[in-house]
Amino acid sequence: MFLFHLLGQKDRRLRVIANLMAAGLFVLLAGLWFVQIVSASHFEHDLKKQSLKRVGIPAIRGRILDRNGRVLADNRPQYNAILYLEDLQDQFTGAYTNLTNIYRRQHPLAVQANGRLHLMPAINRDLHLEADCQVVSNITFQVGAILQEPRVLNTNAFLRHYTNFPYVPFEVVPNLAPKQVAEFVEQLSSQPELEIETLPVRFYTNGTVAAHVLGFVQRDFEAVQTADTLPDYKGKAGVERVFDTILRGRPGTKLVLVNSLNYRQREDIETPNAPGGDVYLTIDLVLQRAAEKALAAVQPNVRGAVVVMDVRNGDILAMASAPSFDPNSYVAGLTHSEWAALNDPKYMPQFNRAVAGAYPPGSTFKIITALACLETGLDPNEVYDSPGEYRASPKARPIADTAGAGKFDFERAFFRSSNTYFIHYGMKATLEKILAVAKRFHLGERTDFAIGPEASGNVPAPEDVGVSILRSSTADVCIGQEITATPLQMAAMIGAIANGGRIYVPRLVSHSYSPETGQTEQLDAPGRLRDTVTIDPHYLEIIRHAMLDDTEHPATSETREGTAFDAFHFPGGSPKLANFRVAGKTGTAEIKSAAAKYPKVTWFDSYGPYENPRYVVIVMVEGGSSGGGTCAPVAEKIYEAIIKGEQSNNSPALSLARN
């Protein structure tokens with residue numbers, strides 16, 4: 001061999017080199033022997049003490065946008081002060097030693113065993129936990145004082161975290177303000193156990209706007225308790241809940257090497273997370289704001305709903321429910337007072353009245369009664385001499401007529417909303433016929449709306465007369481009592497009157513977009529036809545014109561104006577909406593139940609423009625003075641916003657949601 005050959009040489013320098021090489025080889029072999037033989041058991045013991053833990057990495061939640069790409073729900077960075085428990089082992093040991101010495105001094109007999117000091121395992125464990133809590137509590141207090149946000153350690157929360165996930169950082173102070181971040185960097189960044197963690201959290205950019213549509217997210221505590229994961233959020237209501245799978249994205253994982261005490265030693269990304277997809281709605285943010293503002297102006301703490309729909313394809317352009325709530329409060333965590341306010345049994349802010357609320361439609365149902373009467377032979381020119389009230393018999397309860405006594409043909413009875421006229425001719429048409437017409441428009445049936453819960457309402461089938469509804473209820477049904485429908489159902493019905501009979505499935509969600517792949521996926525097709533109602537064009541024109549009279553017929557020497565005239569005209573009689581005519585029907589329904597939270601429900605159901613219908617606007621208010629006095633002014637303000645949007649080329653009609 002080469003080395004032995006050198007050693008055999010007579011040359012002195014070669015022999016020196018050979019000796020050095022031999023010595024080096026000896027050192028290497030000795031080291032290898034020490035590692036492989038002598039230290040084998042030590043390394044094997046260390047390896048057994050270590051293990052790998054998988055920790056989830058939450059994905060960045062996808063955005064929710066309106067039909068024009070305006071952001072409704074986004075993410076913002078949240079800065080949390082966190083504590084690495086593995087960096088506190090020396091402090092834990094020191095605190096444990098102090099507590100042990102104190103315990104031994106206080107309990108000298110309890111720790112004496114076999115002539116030496118000895119702690120029982122249970123006492124030893126309790127002292128360890130107490131020492132660790134003491135250290136973390138002191139740090140929590142210190143950090144809170146420096147950040148000017150006094151904090152007291154939640155011992156139970158810390159012990160749960162410490163017992164199950166000590167390799168995951170412990171949150172000391174969450175949601176730091178910018179000033180607190182600066183204070184942390186200046187005064188606490190030198191402490192290796194403390195760090196600022198940045199997490200994406202849900203942020204609703206417009207506060208309460210469209211809250212019932214968007215829904216909200218909450219911390220997914222179930223996932224935290226069943227798997228090793230960082231904080232994640234889950235959709236709990238509205239679009240956030242229904243499309244949670246798309247919005248949530250794909251969580252990633254990292255491998256955390258932990259020692260026998262379950263403290264973190266090292267971590268590596270195993271699978272990177274992927275962002276969630278963006279979801280585009282058919283809602284127009286500008287119109288949504290206008291609808292909510294107009295509804296809120298009715299009165300403080302108004303309880304009501306607005307639905308604005310495109311009559312040409314069923315797209316929901318605005319959907320408001322009042323009172324509303326701020327979905328951001330769910331992300332931050334609700335206080336007891338906030339939770340109590342959200343569950344107020346009178347105002348029910350979380351309740352979506354546009355979809356989940358079923359109400360008697362009042363005189364807006366006279367559109368259905370009118371069609372039933374026309375289809376059974378009513379002559380719209382025939383004059384009915386109204387006594388000003390209706391009695392089924394001399395001793396029966398009278399049904400008052402706000403239109404008063406007098407002579408009414410169909411048109412005047414409609415725009416003055418005469419109860420007696422529609423009861424008189426509705427009785428001739430029969431209850432079965434009226435209910436059959438209502439069912440053709442699918443009133444009292446769910447609309448297959450994208451988000452729920454959705455109420456079905458109560459409109460019995462014709463065959464149920466005498467079973468679930470008495471024939472003696474005919475008079476009440478003629479004027480929209482003893483039956484219920486949702487504002488969304490009424491929007492679909494008015495849309496069919498406006499477009500000639502087509503009932504669309506209301507569409508709220510358009511498509512999704514993946515920022516990871518750049519691909520777009522249609523979530524709900526536009527213009528999904530649910531049914532086509534066969535309506536005689538002549539009858540349809542009679543009803544449409546009568547609805548126009550409700551907003552345009554002025555007062556004469558013989559009659560008062562239409563019930564919605566004042567809402568759409570200035571005191572001098574000039575129209576508020578230039579070159580935009582609205583057809584509508586007011587309604588006021590009495591609530592007969594003694595347990596009712598409000599005495600009546602007021603409505604205004606409408607569409608416009610009259611000559612070329614594009615929009616349906618439904619306004620419902622629990623309470624109020626009347627449909628014309630309470631709800632019609634709200635609708636007028638919404639139409640103003642629609643016109644302004646069209647004039648600025650930013651209208652829902654001109655900027656359709658992508659498919």
Side-chain angles (χ1 to χ4, degrees), residues 57-76 200-206 209-217 232-252 271-289 308-319 327 355 447-452 502 504-530 614-615 645-646 648-659:
I57 306 173
I60 298 176
R61 197 168 181 84
R63 301 176 300 168
I64 302 176
L65 306 99
D66 83 339
R67 66 192 299 114
N68 299 306
R70 301 184 188 94
V71 178
L72 302 171
D74 203 347
N75 302 289
R76 65 174 178 82
V201 297
R202 204 50 156 177
F203 178 62
Y204 298 92
T205 55
N206 301 284
V209 176
H212 295 90
V213 170
L214 299 175
F216 55 87
V217 298
D232 199 2
Y233 292 86
K234 184 176 183 179
K236 291 293 186 179
V239 172
E240 293 278 25
R241 178 186 65 82
V242 176
F243 297 95
D244 183 67
T245 303
I246 295 173
L247 293 164
R248 204 168 192 176
R250 187 181 67 247
T271 306
N273 58 354
D278 295 337
V279 172
Y280 285 77
L281 307 184
T282 61
I283 294 291
D284 180 89
L285 177 58
V286 175
L287 192 55
Q288 179 73 27
R289 283 196 185 118
V308 183
M309 188 178 74
D310 191 325
V311 305
R312 300 163 299 179
N313 55 21
D315 279 3
I316 300 298
L317 307 177
M319 177 176 283
V355 178
T447 66
D448 194 26
F449 192 53
I451 62 172
R502 296 184 302 278
Y504 292 104
V505 176
R507 186 173 80 137
L508 177 68
V509 179
S510 169
H511 65 281
S512 66
Y513 169 77
S514 171
E516 185 181 25
T517 65
Q519 293 181 338
T520 298
E521 179 185 358
Q522 186 181 81
L523 298 176
D524 194 0
R528 194 151 53 96
L529 198 63
R530 180 182 186 183
R614 296 193 293 276
Y615 308 97
E646 288 189 342
S648 64
N649 294 325
N650 197 25
S651 122
L654 300 177
S655 181
L656 298 177
R658 289 176 287 174
N659 300 324

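Every value quoted in this text rests on a predicted model; they were computed, and no experiment measured them.
Counting heavy atoms from C-beta outward, Asn68 and Val286 have side chains that stay 4.5 Å or more apart. For the pair Phe243 and Ile64, the minimum side-chain heavy-atom distance is 4.5 Å or more. At least one side-chain heavy atom of Leu247 sits under 4.5 Å from a side-chain heavy atom of Arg202. In this structure the side chain of Arg614 reaches within 4.5 angstrom of the side chain of Glu646, judged on heavy atoms. Taking 4.5 Å as the limit, some side-chain heavy atom of Asp284 sits within range of a side-chain heavy atom of Arg70.
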When you look at Arg63 and Asp278, which way does the salt bridge (charged side-chain N to carboxylate O under 4.0 Å, His left out) test go after all the steps? CA-CA 5 Å; Arg63 301 176 300 168; Asp278 295 337; 3.1 Å; yes
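Formation of a donor-acceptor pair under 3.5 Å by the Tyr504 side chain with backbone atoms of Arg312 is found in this model. Arg507 contributes no side-chain N or O that, together with a main-chain N or O of Arg528, makes up a donor-acceptor pair within less than 3.5 Å. Checked by atom type and distance alone, the side chain of Ser512 never pairs as donor or acceptor with a backbone atom of Gly277 at under 3.5 Å. Here the side chain of Ser514 pairs no donor or acceptor atom with the backbone of Gln519 at under 3.5 angstrom.
Residue Val509 forms a side chain to side chain contact (heavy atoms under 4.5 Å, CB included) with just one option from Ile246, Leu281, Val242, and that option is Leu281.
Of all heavy-atom pairs spanning Asn206 and Arg289, the tightest one is OD1-NH2, 2.6 Å. Looking at every heavy atom in both residues, Phe216 comes nearest to Pro327 through CB-CB, 3.9 Å. Taking both residues in full, the closest heavy atoms of Asn313 and Asp315 are given as OD1-N, 3.0 Å, listed atom of the first, atom of the second, then distance. Nearest heavy-atom pair across Pro275 and Pro515 is CG-CG, 4.1 Å.
Note: Leu285 CG to Leu72 CG = 5.5 Å, rounded to the nearest 0.5 Å. Atoms CE and CD1, from Met309 and Ile316 in turn, are 6.0 Å apart once rounded to the nearest 0.5 Å.
Under the rule for a salt bridge (Lys or Arg N to Asp or Glu O under 4.0 Å), the partners of Arg61 that lie at least two apart in sequence or sit in another chain are Glu240, Asp244.
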